[in-house]
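Both counts, for ligands and for their atoms, begin at 1 and track the order of listing.
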Amino acid sequence: MARKFFIGGNWKSNGTVAKNAELVKILNTATISPDVDVVIAPTFVHIPAVLASVQKDIKVSAQNCWVKAGGAYTGEIAAEQLVDLGLEWVILGHSERRHIIKESDAETAEKTKYALSQGLSVILCIGELLEERESGETGAVNARQLQAVVDAGVTDWSKIVVAYEPVWAIGTGKVATPEQAQETHKEIRAWIAANVSPEAGEATRIIYGGSVNGKNAANLGSEPDIDGFLVGGASLKPEFLDIIAAAPKA
Ligand code: PGA
């Protein structure tokens with residue numbers, strides 16, 4: 001079964017009204033093949049303007065959401081509010097949230113469960129720190145972060161895209177080699193097959209993130225278990241169009 005290639009642009013806490021308008025203008029020149037999902041994630045405050053101006057073949061995602069239904073939680077934004085705005089996607093468990101904001105595996109898993117219950121699709125980020133890779137713990141860290149989602153009671157993984165983002169490769173220019181990424185993606189797929197279901201193992205898209213750019217995208221994307229990318233820095237530049245163009249043809 002073919003998995004649809006997925007290209008996400010994580011704008012992080014970047015952008016202004018004017019800069020985003022410029023970027024959207026560039027993105028609107030791209031022809032998006034029906035064989036590829038292209039999803040961009042501006043900051044919460046910029047979502048409505050981007051949603052209203054970007055071409056309809058590019059979907060818009062949030063970068064986070066609250067762990068449960070909205071209410072008296074000052075400063076938080078709930079999944080159902082994202083749905084109300086017209087969004088289909090949310091990024092959860094990004095390493096900057098896990099490691100800078102100290103969100104736990106359990107909290108990320110609860111967010112995933114609630115977001116899915118509201119009809120959102122989730123880009124679930126996992127990945128190891130440099131010291132964890134060096135001490136041979138990559139597989140165990142990924143398994144622990146995925147197991148939390150299973151433990152939260154999520155059985156239907158059809159609306160989850162797993163983003164494997166080794167923390168040492170994010171924003172550092174140190175991209176995992178296609179072989180390194182492929183090896184880990186294969187391991188993640190086997191874990192999902194064994195711990196969720198063989199069908200989920202086969203169908204779940206596992207995308208790579210960490211210093212993806214216009215030059216390395218084609219090589220990474222040609223690996224059998226790399227089903228796309230989550231792009232940070234390069235998604236803020238016209239180069240994002242080269243990454244979209246490098247998607248393998250179905
Ligand atoms: P990067 O970020 O492409 O700038 O390394 C990727 C990410 O954090 O999703």
Side-chain angles (χ1 to χ4, degrees), residues 5-15 19-20 23 26-27 36-44 46-47 50 58-65 87 89-103 105 108 111-112 115 120-130 132-133 138 141-142 145-146 160-178 180-182 184-185 188 205-221 223 226-247:
F5 208 75
F6 183 102
I7 299 174
N10 175 11
W11 293 6
K12 309 190 179 186
S13 190
N14 291 296
K19 274 192 192 158
N20 293 351
L23 188 53
I26 294 166
L27 294 176
V36 183
D37 280 325
V38 178
V39 178
I40 52 172
T43 73
F44 282 128
H46 295 122
I47 285 173
V50 171
I58 296 182
K59 303 295 178 199
V60 179
S61 173
Q63 300 173 16
N64 179 36
C65 68
L87 299 198
W89 291 93
V90 63
I91 298 172
L92 293 173
H94 189 276
S95 69
E96 286 147 17
R97 298 206 65 87
R98 291 183 188 269
H99 297 291
I100 301 173
I101 298 159
K102 306 287 182 209
E103 282 184 1
D105 295 339
T108 301
K111 286 185 178 191
T112 301
L120 286 173
S121 296
V122 173
I123 302 161
L124 173 68
C125 303
I126 61 169
E128 83 285 7
L129 297 163
L130 180 60
E132 292 167 335
R133 171 158 286 261
T138 299
V141 170
N142 288 332
Q145 293 175 348
L146 293 169
I160 296 179
V161 169
V162 174
Y164 168 60
E165 300 202 298
V167 182
W168 47 272
I170 296 178
T172 57
K174 277 189 210 151
V175 62
T177 63
Q180 270 175 329
Q182 165 58 25
T184 308
H185 280 227
I188 293 167
R205 288 177 288 179
I206 305 172
I207 63 175
Y208 169 80
S211 299
V212 174
N213 61 36
K215 293 196 177 68
N216 59 29
N219 271 343
L220 286 161
E223 295 291 341
I226 300 182
D227 304 313
F229 312 114
L230 187 56
V231 184
S235 74
L236 299 168
K237 303 179 193 158
E239 186 180 352
F240 193 57
L241 298 188
D242 302 334
I243 298 173
I244 295 172

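Within ligand 1, counting atoms from 1 as listed, the ones closer than 4.0 Å to a heavy atom of Gly171 are 1 (P), 4 (O), 5 (O). Each of the atoms 5 (O) of ligand 1 lies under 4.0 Å from some heavy atom of Ala169. When each atom of ligand 1 is checked for a heavy atom of Gly210 under 4.0 Å away, the hits are 5 (O). Every atom of ligand 1 is numbered from 1 in the order shown, and the set under 4.0 Å from a heavy atom of Lys12 is 2 (O), 7 (C), 8 (O). Within ligand 1, the atoms closer than 4.0 Å to a non-hydrogen atom of Asn10 are 9 (O), numbered from 1 in the order shown. Close approach of ligand 1 to Gly233 is summarised as follows: ligand atoms under 4.0 Å from at least one heavy atom of the residue are 1 (P), 3 (O), 4 (O).
Geometrically, ligand 1 and Gly209 share no nitrogen or oxygen pair separated by less than 3.5 Å. At a 3.5 angstrom cut-off on N or O pairs, Thr172 does not count as close to ligand 1.
Residue, atom and distance of the protein heavy atom nearest to atom 3 (O) of ligand 1 are Gly232 N, 2.8 Å.
Ligand 1 lies within reach of Ser211, whose nearest heavy atom is under 4.0 Å from it. The shortest heavy-atom distance from Ala234 to ligand 1 is not under 4.0 Å.
At least one donor-acceptor pair closer than 3.5 Å links the side chain of Tyr208 to the backbone N or O of Ala176. With Asn10 contributing its side chain and Gly232 its backbone, the two residues share no donor-acceptor pair below 3.5 Å. Between the side chain of Glu103 and the main chain of Thr108, no donor-acceptor pair closer than 3.5 Å is present. Within the 3.5 Å criterion, the main-chain N or O of Arg133 finds no donor-acceptor partner in the side chain of Glu128. Remark: the backbone N or O of Asn213 is paired with a side-chain donor or acceptor of Asn216 at under 3.5 angstrom. Although no hydrogens or angles enter the test, the distance criterion places no donor-acceptor pair under 3.5 Å between the side chain of Arg205 and the main chain of Val161.
Of all the listed residues (Glu165, His94, Lys174), His94 holds the heavy atom that lies closest to atom 8 (O) of ligand 1.
Side chains of Lys19 and Asn14: no donor on one and acceptor on the other come within 3.5 Å.
Classification of the Phe5-Phe229 ring pair by plane angle, with boundaries at 30° and 60°, yields perpendicular.
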